[in-house]
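Structure first, then comments.
In what follows, every heavy atom counts, from backbone to side chain, and hydrogens, waters and symmetry copies are set aside. Residue numbers count from 1 along this sequence. Computed from a predicted model, the values in this text were never measured in an experiment.
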Amino acid sequence: MKRVSNIAELRLFMRRNERPIYFISSSPFNLMGIDEWVGSFKFISYIDPFDGRHPDVFVPSKIPGFKPKSIEDITNHLLQHPEVIDYITRRGGRPGIVCLMFNEKTEEICKKLGVEILLPTAKLRQRCDNKMETVRIGNKAGVPSVPNALGPARTYEELLSEARKAGLGTDLVVQTAFGDSGKTTFFIANEDDYNRHAAKISAEEEIKIMKRINCRSATIEACTTASGTLVAPLMTEIIGKPELTPYKGGWAGNEIFANAFSEEICVKARDMTIRLGDQLLQEGYRGCFNADFLVVPEDNEVYLGELNPRISGASSLINQAAFAFADAPLFLFHLMEFLGIDYNIDVKELNDRWARKELIDSRSQLILKSSEDVGIAAHAPATGIYRMAPDGSVSYDRFAYRWKAIENDGEAFFLCFTGAGDARYKGADLGALVVRGRGQDDEFELNDRARNWIKGIKRLYVSKPATEIQCDEAKEPIR
């Protein structure tokens, strides 16, 4: 068994890795750049943002009639695709995979293929992903959530009754157990608000009922290991901006920069994440996870918002941040946990170093969604580096498959998700845009530069009604 006792040995071991490891998902987005750190690492994706130009991305041909309803559907579809099975078989070895989302069917498929899933079990991940279970796990770890009640709300009267018992008032935020960002959070101030969402709320046996607070959204990527819980810097979240997403509470990106919050808030959030990770280890969970926090800057209060027991949308930004290049990306510690390596890493030393301001560079990641149903994309901006002119207009400059290729503040990297021939429906992911510096101002509103980038990229999309391309082979959208 290989023994790893420091970061240099970990980097060397991963670079020399010969075991085939695959990231199976809709696109390579979440783990972009990991192939530069881990030998024999490949992406198997449903869409190809790079148009065949990325050396480590394999995209099988489309099978007519496949209509995915979830990322889990895409994961299972790829693992059963004849071209994927042939690709994995030809590369040989003892294959291992990681996924953004998977389920128990995925585990059955992998068992038949002789493929190891380098993640906690689907059953455990599903339990920890339940927003009600997040509250309970946090409570056990001494990590408080916003004042809340857990229970049914089949009627507005029942909702108020549960809220009264917990002293939450009548201006409420309600969350259901599972679902995409922005689609499971409801702001309820009166009966009309409740009635608009009654079908979803009343169908749940248990919901999370929270007191509505004035807060900022923040997030931390972390990895729980046998040596302890590693914690990345606290990032801001970009939530519900109409220029980016049609969903009021929907996630639309992140910023990483020094002084994002006061030192007291950063220390609290790191400590809460460590305690949460240590509790997750007791629950049987190990590896990467993401914790969302609700921050009240005026009072330096920090509350646990959500737990994402998996690789997340923020993983792409954090695994390519300055502190990661100083030591190693967080995901390498996840792999270390699952590849049978004997290790003893000084977690406290790493956490202390990663909190230092000089190791936190400034980057923003903006996730662009379609705000309405507009038909089919007849033309889409290609993945690569774009330039912004002095008048705010945006144009394509050159191909790149990593955002490290950005050379100055006038450039941005765009990763295209919705390409030519894809449907542009409300909420469809158009792509991810990465820029140097902040995307928001000190009031957490999009700044002018970010707005110009968003407008500039969206203007490069040309769409036409779906009826005009009935004979075309439309690609399936990302979910």
### Query
Sub-3.5 Å donor-acceptor pair from the side chain of His54 to the main-chain atoms of Asp48, do we have one?
no

### Message
Using 30° and 60° as the class boundaries, would you call the ring planes of Phe41 and Phe43 parallel, tilted or perpendicular?
### Response
perpendicular

#### Entry: No-hydrogen, no-angle side-chain donor-acceptor test under 3.5 Å, Ser5 and Asn344
no

### Query
So, do Lys123 and Gln126 sit near enough that their side-chain heavy atoms are less than 4.5 Å apart?
no

### Message
The test is side chain to side chain donor-acceptor pair (under 3.5 Å); show your working for Gln175 and Thr185 and say whether it passes.
### Response
CA-CA 5 Å; Gln175 286 187 319; Thr185 300; 3.1 Å; yes

### Query
Any donor and acceptor pair, going by atom type alone, linking the side chain of Tyr401 with main-chain N or O of Pro49 inside 3.5 Å?
no

### Query
Given side chains that start at C-beta, do those of Phe257 and Thr236 come closer than 4.5 Å, heavy atoms only?
yes

### Task
Could you tell me how the ring of His77 sits relative to the ring of Phe66: parallel (under 30°), tilted (30 to 60°) or perpendicular (over 60°)?
parallel

### Message
Less than 4.5 Å apart, side chain to side chain, heavy atoms only: is that true for Thr106 and Glu72?
### Response
no

### Query
For His81 and Ser61, which heavy atoms make the closest approach, and how far apart are they?
NE2-O, 2.7 Å

### Query
Side chains of Arg286 and Leu281: closer than 4.5 Å at any heavy-atom pair?
yes

## Note on the structure
Between the CG atom in Leu433 and the CG atom in Leu368, the distance rounded to the nearest 0.5 Å is 6.0 Å

### Query
Does Leu113 reach the side chain of Gln80, with side-chain heavy atoms less than 4.5 Å apart?
no

### Message
Between Thr225 and Glu337 (side chain of the first, backbone of the second, donor and acceptor by atom type, cut-off under 3.5 Å), is there such a pair?
### Response
no

### Query
Say you draw a straight line from OG of Ser26 to CD1 of Ile71; how long is it, rounded to the nearest 0.5 Å?
4.5 Å

### Query
CZ of Arg91: more than 12 outside heavy atoms within 6.0 angstrom?
yes

### Message
Under 6.0 Å from the ring centre and within 45 degrees of the ring axis: does the NZ or CZ of Arg424 meet both conditions for the six-membered ring of Tyr461?
### Response
yes

### Message
Testing the basics here: between Ile345 and Phe333, what is the closest heavy-atom pair and its distance to 0.1 Å?
### Response
CG2-CE2, 4.2 Å

### Task
Verify side chain to side chain contact (heavy atoms under 4.5 Å, CB included) between Asp292 and Asn308, making sure each step is shown before the conclusion.
CA-CA 8 Å; Asp292 289 341; Asn308 297 301; 3.7 Å; yes

#### Entry: Distance, nearest 0.5 Å, that separates CD1 of Ile220 from OG of Ser312
12.0 Å

### Task
Look only at the side chain of Arg438 and the backbone of Ser364, and say whether a donor-acceptor pair between them is shorter than 3.5 Å.
no

### Query
What's the verdict on side chain to side chain donor-acceptor pair (under 3.5 Å) for Asn17 and Ser40, showing C-alpha distance, side-chain angles and the deciding distance?
CA-CA 6 Å; Asn17 172 65; Ser40 301; 4.8 Å; no

### Message
Which residue is it: Phe29, Tyr46, Phe50? I am looking for the one with a ring-ring contact (aromatic ring centres under 6.0 Å, His included) to Phe417.
### Response
Phe29

### Task
Quick one: closest heavy-atom pair of Pro246 and Ser371, and the distance?
CB-O, 4.1 Å

### Sole candidate of Asp352, Ile274, Leu230, Val231 that passes side-chain contact (heavy atoms from CB on, under 4.5 Å) when paired with Val347
Leu230

### Query
Do Glu283 and Arg136 meet the salt-bridge criterion of a basic N to acidic O distance under 4.0 Å?
no

### Query
Are any non-hydrogen side-chain atoms of Phe261 and Lys268 less than 4.5 angstrom apart?
no

### Query
Should the pair Lys404-Glu36 be classified as a salt bridge under the 4.0 Å nitrogen-to-oxygen rule?
yes

### Closest non-hydrogen atom pair, Arg125 against Pro309
CG-O, 3.2 Å

### Message
Name the residue from Leu31, Leu335, Leu339 that meets the side-chain contact (heavy atoms from CB on, under 4.5 Å) definition with Val38.
### Response
Leu335

### Query
Does atom NZ of Lys200 have more than 12 heavy-atom neighbours, drawn from other residues, nucleotides or ligands, at distances under 6.0 Å?
no

### For Ala377 against Thr418, the heavy-atom pair lying closest together
CB-CG2, 4.5 Å

### Task
Could you tell me whether a side-chain N or O of Thr219 sits under 3.5 Å from a main-chain N or O of Ala291, the two making a donor and an acceptor?
yes

### Task
Mark yes or no for whether Arg216, through its side chain, and Phe444, through its backbone, hold a donor-acceptor pair below 3.5 Å.
no

### Query
What's the shortest heavy-atom distance between Leu460 and Gly456, and which atoms?
CG-O, 3.4 Å

### Message
For Gly253, is there any backbone N or O sitting under 3.5 Å from a side-chain donor or acceptor partner on Trp251?
### Response
yes

### Query
Heavy atoms, side chains only, cut-off 4.5 Å: are Glu221 and Met235 in contact?
yes

### Message
Is there a side chain to side chain contact (heavy atoms under 4.5 Å, CB included) between Ile406 and Ile385? Walk through the geometry before answering.
### Response
CA-CA 7 Å; Ile406 298 172; Ile385 301 297; 4.0 Å; yes

### Query
Which distance, rounded to the nearest 0.5 Å, do you find between the CD of Gln365 and the CG of Leu317?
5.0 Å

### Query
Does a side-chain heavy-atom distance below 4.5 Å link Leu446 with Ile238?
yes

### Within 45° cone of Phe323 ring axis and under 6.0 Å: Arg353 NZ or CZ
no

#### Entry: Candidate pair Glu411 and Arg436, rule side chain to side chain contact (heavy atoms under 4.5 Å, CB included), full reasoning
CA-CA 8 Å; Glu411 294 186 342; Arg436 287 184 177 180; over 6 Å; no

#### Entry: Ring-face cation contact, Phe187 with Lys248, 6.0 Å cut, 45° max
yes

